[in-house]
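If you're wondering where the values come from, they're calculated on a predicted model, not measured in any experiment. Order of the sequence lines fixes the chain letters, A, B, ..., with proteins taken first and strands second; residue numbering starts at 1 for each chain. What's counted below: heavy atoms across the whole structure, side chains too, no hydrogens, waters or symmetry copies.
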There are 2 protein chains.
Amino acid sequence: MVNHAGTFEAEEDFRSLSDSLFEQLSEAIVRGEFSPGAKLSEPRLAARYGVSRGPLREAIRRLEERKLVTRTPRQGVRVIVPSRKRAVELFHIREVLEGLAAREAARHATPDEIEALQAMLRQHGQALARPDAMVYWQARANSDFHFLIARIARNEQLFALLSGEYYTLFRLYRMQHRLVPGRARRALLEHERIVDAIADHDRDLAEMLMRRHIAAARKSLEASMGEEGADQASTACSDLGAGNL
Amino acid sequence: MVNHAGTFEAEEDFRSLSDSLFEQLSEAIVRGEFSPGAKLSEPRLAARYGVSRGPLREAIRRLEERKLVTRTPRQGVRVIVPSRKRAVELFHIREVLEGLAAREAARHATPDEIEALQAMLRQHGQALARPDAMVYWQARANSDFHFLIARIARNEQLFALLSGEYYTLFRLYRMQHRLVPGRARRALLEHERIVDAIADHDRDLAEMLMRRHIAAARKSLEASMGEEGADQASTACSDLGAGNL
DNA sequence: CCGAAAAATTCTGTCGACAAAATGAGAGGA
DNA sequence: TCCTCTCATTTTGTCGACAGAATTTTTCGG
């Protein structure tokens, strides 16, 4: 069995409370259940999830290491406040990392893997005709594509980075950005060209196309978050009486 | 703000025990005080550093997140075992990240920063004539250069990645690799060309030169770790009775 | 003498509790 | 009315303790 992180969970998946909390909190942050900048109170969270503060603190330390929360020494942790600046910086990083993934995928892809990529593209093309194409694309298709490329690249460190450690952050910042009309179809075209380059084992081209693909997404996001200033959460964050825990 | 003693209390750097332990353990692992693969027993470490297991576990969770230790569910954590495969993978990642840093540095560098880079190169050139040139180069000069580039790039996420989160890992794997004779002088030449490109604000060239520079280091390391197999620690790790804590 | 089962020990995962500090509320004075 | 000082409450950082599991040691049979 292969979980979403791509690791083989042959050994009985014993998840400690800390692991479970880490996943739940990550998901909750990405899904916006905690508003940006909201304070995470340890006693309340402990009561909320029915656990002690020990495992909770371990989970929070991991969230902090992944930059999903920020911590001020004697003051506690707060959910990260997405900013246009950070989003752009993150996309620049993602651009080169995914470029490397495409390059290494072009280097190592087997015929079977190339076929798998092409099959996925066909499926995505069919899905694009459905009514909920946009939401599906943003939620699943895009992730599937980049996930598979990262796996084919055969670089465990890179795979862990793209599909695990940074994946949540990417999702968090992608949530901000509603897909512009027509972007999905264009993205599929770009995906197809990238797969072509990988099928040809053309490393340089695969990397260049992937970088342009990510750069296009970044520019779309930059335009979307256009004039919202450094921290768009200056309007609604800090403390909303009810929603923060 | 000025306190009653008249000194500026610039957010007095309060470090929790967890933070302190995290730094100490990271340093100890990189410096080889814990042999690769050695088990880290929580009670012994707690006694060793005179702290409780609570903060220690938080520090260990952060070490785990940074891949300095590996954790098996009901079995504890062990120091990572450096392998040729992982080292090569890490250098591929570093290649594109430092390439991005050079690109962004070429984009954003001010005249002052360019002058600082050139001054540092002059200093490194003089240091290269000293008797302990090699060890100095590996210990300081190389880090200084890449550190400064990352700062000039003006990408906080990238800077945190290169000079913080991944820096320890890079050091760990670099420890394995003794600098080959003549490499230092060649590296300095490569550094000079990179700075030239940055001074010219030639983004593409700066990125390309930096990537070649890292790739050269990687190839040198690949040759050095040549035939040592996947896990060179198969000879001496596991448990050496005295040295593990 | 060697191998296997059983007991003892150690260790991980988790919990509740305490002290210092920070936040917030409330009284008092200008 | 508004500011400030004081006090109460919440929260962070830390510690010691317990249950279950894993490891090691001991013991017993072949």
Salt bridge flag under 4.0 Å for residues B/E65 and B/R61: no

Contact class for A/G54 (heavy atom, under 4.0 Å): base, sugar-phosphate, or nothing? nothing

Starting from P on D/dG16, measure out to CG on B/L56 and report it in whole angstrom. 13 Å

How long is the line joining CD of A/E42 and C1' of C/dC18, in whole Å? 15 Å

Evaluate the ring planes of A/H191 and A/H213, with Trp represented by its six-membered ring, and classify them as parallel (under 30°), tilted (30 to 60°) or perpendicular (over 60°). perpendicular

Give a yes/no answer on whether the side chain of B/R57 brings an N or O atom under 4.0 Å of OP1 or OP2 in C/dG13. yes

Considering just the side-chain nitrogens and oxygens of B/S16, establish if one lies under 4.0 Å of OP1 or OP2 belonging to D/dG13. no

Is it the case that the side chain of B/Q157 and the backbone of A/L90 share a donor-acceptor pair, with hydrogens and angles ignored and the cut-off at 3.5 Å? no

Starting at CZ of A/F22 and ending at C1' of C/dT14, how long is that distance when rounded to a whole Å? 19 Å

Ignoring hydrogens and angles, tell me if any N or O in the side chain of B/R154 forms a donor-acceptor pair with the backbone of B/I152 under 3.5 Å. yes

Nearest to the side chain of A/K39 - C/dG13, D/dT12, C/dT12? D/dT12

Spacing of A/L21 atom CG relative to C/dC15 atom P, expressed in whole Å: 9 Å

Check whether any side-chain N or O of B/S224 sits under 3.5 Å from a backbone N or O of B/S220 as a donor-acceptor pair, and report yes or no. no

Is the shortest side-chain N/O distance from B/R74 to OP1 or OP2 of D/dT23 below 4.0 Å? no

To the nearest angstrom, the CZ-C1' distance between A/F14 and D/dA22 comes to 12 Å

Regarding the side chain of B/R44, the nearest nucleotide among C/dT12, C/dC15, C/dC11 is C/dC11

Distance check needed: D/dT11 P versus A/L40 CG, whole Å only. 12 Å

Let me know the distance between CD of B/E64 and P of C/dG13, rounded to the nearest Å. 9 Å

Nearest whole Å is fine: how far is C/dT12 C1' from B/E58 CD? 16 Å

Return whichever of A/R53 or A/Q75 has its heavy-atom-nearest nucleotide of DNA chain C closer to the 5' end. A/R53

Is there a side-chain contact between A/R71 and the phosphate of D/dG13, meaning an N or O under 4.0 Å from OP1 or OP2? yes

For C/dG16 and A/S52 - does any side-chain N or O of the residue sit under 4.0 Å from the phosphate oxygens OP1/OP2? no

